[in-house]
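Computed from a prediction, not measured in an experiment: that's the story for all the values here. In each ligand, atom 1 is the first atom listed, and ligand 1 is the first ligand listed.
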Amino acid sequence: MKDVDVVIIGAGSAGLSAAKVLRSAGLSFNVLEAMDRIGGRAWTSNRHFGVPFDIGCAWLHAADRNPYFSEAQAAGWTMHHHDMNIDHLYYRNRKASEAEEAAVKAADAAMAALLENHSDMDDRLGALLAKGRSSRAAATFCGPMDFGADEDEISIADFRNAADLDPNYFTREGYGALVARFGADVPVELATPVTRIDWDGAGVACLTDRGTLRASAAIVTASPGVLAFEEIVFSPALPDSHMAAFFDLPMGMLTKLPVEIRGSRLGLNAFDDLLVERTARHDIYFLGFPFDLDLMVGFVGGDFAWELSAAGEAAGIDFATDRLCEIFGNDTRRHVGRAMMTNWGAERYVRGAYAAARPGRSGARAALMQPVGERIFFAGEHLAGPLIQTCGGARLSGEAVARQVVAQLAA
Ligand SMILES: Cc1cc2nc3c(=O)[nH]c(=O)nc-3n(C[C@H](O)[C@H](O)[C@H](O)COP(=O)(O)OP(=O)(O)OC[C@H]3O[C@@H](n4cnc5c(N)ncnc54)[C@H](O)[C@@H]3O)c2cc1C
């Protein structure tokens, strides 16, 4: 590894886009990636079902502001616009009445108004929802399923800063494959975790098992979960404001439970949304048969998703399959084929799905946007402004920070 202008840590959406900006500006760089592939949380794999399946991100959110969308279109990929309404709502195995479904829609609208007018000291989303007329189902969608955290663990200020993510699209070829295509021409040192960054002299020295790389600046795109665990040791230590920010942006969890259903569509249409509200916050959402594939893709989020990760894949698959059989009848079992459970919490270099600020701590994002010593910069989904938590947002964050680095090095 030879010394360069900038070291980029991580070859996910943010790191790859940062590299492209540096390259256009004529700076030399090196991208160091801990995993043996690029893409990070954007990862499409054929391994489980013989067709592209997104283990990580799948929805191209905010397509009108998301550069991946036009690239997928230009490449002629198969796109599907997905409006995220609950098409089928169940309370355990009972189908909700039309009146109950209408009440959920009304609760959703009321929640938007409550958020708009909120000025209380209590920054817990759960407290706001408890005050309003919002029903459990509406809360499930915005809490565990969207933010990857239960309502009491979500900051209202943070939630309010996040944009409405319409319009949403899927691509049959896979979002992870799209990010891999975007990054294919970026040189990356794979399987090279950075263990330490020394910044006491001029510039930075990044230590890896394969040697030390020196540069004028570093762009760190590892998740706040990874940074909170001090997978990268900074010497001297980072300011307290930054260390506190890693802790104040804990990783939420979203777990996918795709179950193959062969020879039946369960009376559903492709891309139908089905929400099963249960007790003890053990709710599950299914995306029905995307692109008419033989797949019901289950999702659980928040604390329950962490619980299922601990219980293991077999328990997770049984949970999803049992819910389908409860609703569609035991005969469904003979249609069940392969299944799997994602587990992003066990990925050492990710440690969860995406970050959500603790109540009262939404300022952590602004704190991390401050470079340290004019040479250590942070980027990623957690610093993506209104597009936080999204893959498109991570890309825009990487680009913006790389432009900042270009300006800094030119100064
Ligand atoms: C289950 C799930 C579903 C999701 N669904 C959607 C969705 O539908 N739509 C959407 O837009 N977003 C979704 N997301 C979020 C989206 O995937 C992320 O926001 C985005 O991919 C993050 O990109 P990033 O570059 O910020 O981080 P990452 O993708 O995490 O990239 C950071 C990289 O840094 C590497 N790294 C970490 N530590 C080190 C180290 N010490 N040395 C070297 N390398 C290191 C990691 O290996 C990783 O590759 C989902 C995420 C999950 C987990």
Check your understanding: If you measure from each heavy atom of Glu33 to ligand 1, is any distance below 4.0 Å?
Key -> yes
Point to revise | Under the salt bridge (Lys or Arg N to Asp or Glu O under 4.0 Å) test, residues paired with Asp185 that sit two or more places apart | key: Lys20, Arg23
**Study point:** Test item, Val226 contacting ligand 1 (heavy atom, 4.0 angstrom)
**Key:** yes
**Study point:** Under-4.0 Å salt bridge between Arg361 and Asp158
**Key:** no
**Study point:** Nearest non-hydrogen protein atom, atom 20 (C) of ligand 1
**Key:** Cys391 CA, 3.9 Å
Review point. Angle class for the His61/Trp59 ring planes (parallel below 30°, perpendicular above 60°, tilted otherwise)?
Key: parallel
Exercise for review: Among all protein heavy atoms, pick out the one at the shortest distance from atom 44 (N) of ligand 1; state its residue, atom name and that distance to 0.1 Å.
Suggested key: Ala34 N, 3.1 Å
For residues 398-411, please give each side-chain donor-acceptor pair under 3.5 Å, one per line with the distance, not counting sequence neighbours.
residue : atom : partner : partner atom : Å
Glu399  : OE2  : Arg395  : NE           : 3.4

Check your understanding: Looking at ligand 1, does Gly39 have a heavy atom less than 4.0 Å from it?
Key -> yes
Review point. Can Glu153 and Arg124 be counted as an ion pair, charged N to O under 4.0 angstrom?
Key: no
Practice item. For atom 13 (C) of ligand 1, grab the closest protein heavy atom and report residue, atom and distance to one decimal in Å. Key: Cys57 CB, 3.1 Å
Check your understanding: Using 4.0 Å as the upper bound for N to carboxylate O, is an ion pair formed by Arg41 and Glu347?
Key -> no
Review point. Could a heavy atom of Ser223 be found less than 4.0 Å from some atom of ligand 1?
Key: no
Check your understanding: Among Tyr68, Trp59, Tyr354, Tyr349, which one has a heavy atom closest to atom 38 (N) of ligand 1?
Key -> Tyr349
